[in-house]
Amino acid sequence: MTRLEMVEKIREKTGATYEEAREALEKANWDMLDAIVSLEKEQPAAEPINEPVYVSENENGPAKPVKKASRRVSTGDIGEKIAAALKWIGALIKKGESSHLEVSHKDEVVIEISLVSLILFFLLSWWLPAILIVVGLFTGYKFRVTGSGAAGRIVNSVSEKASKKADEIVNKMNEEKEE
């Protein structure tokens, strides 16, 4: 049996990490039984599983529930963290696809783009959409986020304030030009 196979066996039996299993084997001069015993001494007792496992009747009486001990799971498993992050990103993308940015001019919707597409557009060339938004505000375009969520209401409130401020600036400039 190779050392890797020995480490795998130790992991299966104890639930230890690769590093813990290898270290235990090295300390035990690659004796698997001694390594398992040392790992069990170091590890706290496993918490029992909530589901009982029943044994058949024997000469001592009726069957009694027996709880199995669960295997120790290594905390901080990078695979689980990556899976959780990907799940969160997937949910965020799904939510972003259901929300859209509407650009309207004189109460007519000119363009509607999903928030995910808009974010990608910003990531690829942040300066272009920023310029388009500023120019749009000063030329009478309105921006509104559709879809559910508090973020949309906040963005719409800010957008409305920005539109009003841009209109005030344009009106002041027109007044100064006429004078």
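Computed from a predicted model, the values in this text were never measured in an experiment.
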[atom1]-[atom2] distance between [X] and [Y], expressed to the nearest 0.5 angstrom:
| X | Y | atom1 | atom2 | result |
| --- | --- | --- | --- | --- |
| Glu102 | Arg144 | CD | CZ | 5.0 Å |
| Arg3 | Met6 | CZ | CE | 8.0 Å |
| Lys164 | Glu160 | NZ | CD | 5.0 Å |
| Tyr18 | Ile10 | OH | CD1 | 13.0 Å |
| Thr2 | Glu8 | OG1 | CD | 9.0 Å |
| Glu178 | Met173 | CD | CE | 12.5 Å |

Under 4.5 Å between side-chain heavy atoms, counting indirect links through other Ile/Leu/Val/Met/Phe/Trp/Tyr residues: same cluster for [X] and [Y] or not?
| X | Y | result |
| --- | --- | --- |
| Leu39 | Leu4 | no |
| Phe122 | Ile113 | yes |
| Trp30 | Leu33 | no |
| Val37 | Leu25 | no |
| Trp88 | Leu120 | yes |

Under 3.5 Å donor-acceptor pairs involving side-chain atoms of residues 127-142, not counting sequence neighbours:
unit_1	atom_1	unit_2	atom_2	d
Thr139	OG1	Val135	O	2.9
Thr139	OG1	Gly136	O	3.2
Lys142	NZ	Asp167	OD2	3.2

Q) Can you check whether Glu20's main-chain N or O pairs, donor with acceptor, with Thr17's side chain at less than 3.5 Å? A)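 Such a contact is found between Thr17 side chain and Glu20 backbone.
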
Q. Got more than 12 heavy atoms from elsewhere within 6.0 Å of CD, Glu19?
A.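 No - once you tally the heavy atoms of other residues, nucleotides and ligands closer than 6.0 Å, there are 12 at most.
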
Q) How close do Ala16 and Ala21 get, heavy atom to heavy atom, and via which atoms? A)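 Answer, listing the atom of Ala16 first, then Ala21: CB-N, 4.3 Å.
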
Q: Would you name the heavy atoms of Val145 and Asn156 that are closest together and state the gap between them?
A: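 For Val145 versus Asn156, the nearest heavy atoms are N-OD1, 2.5 Å.
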
Q) Does Lys165 come within less than 4.0 Å of Glu168, counting only side-chain N to carboxylate O? A)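 Looking at Glu168 together with Lys165, the answer is yes, because their closest N to O distance falls below 4.0 Å.
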
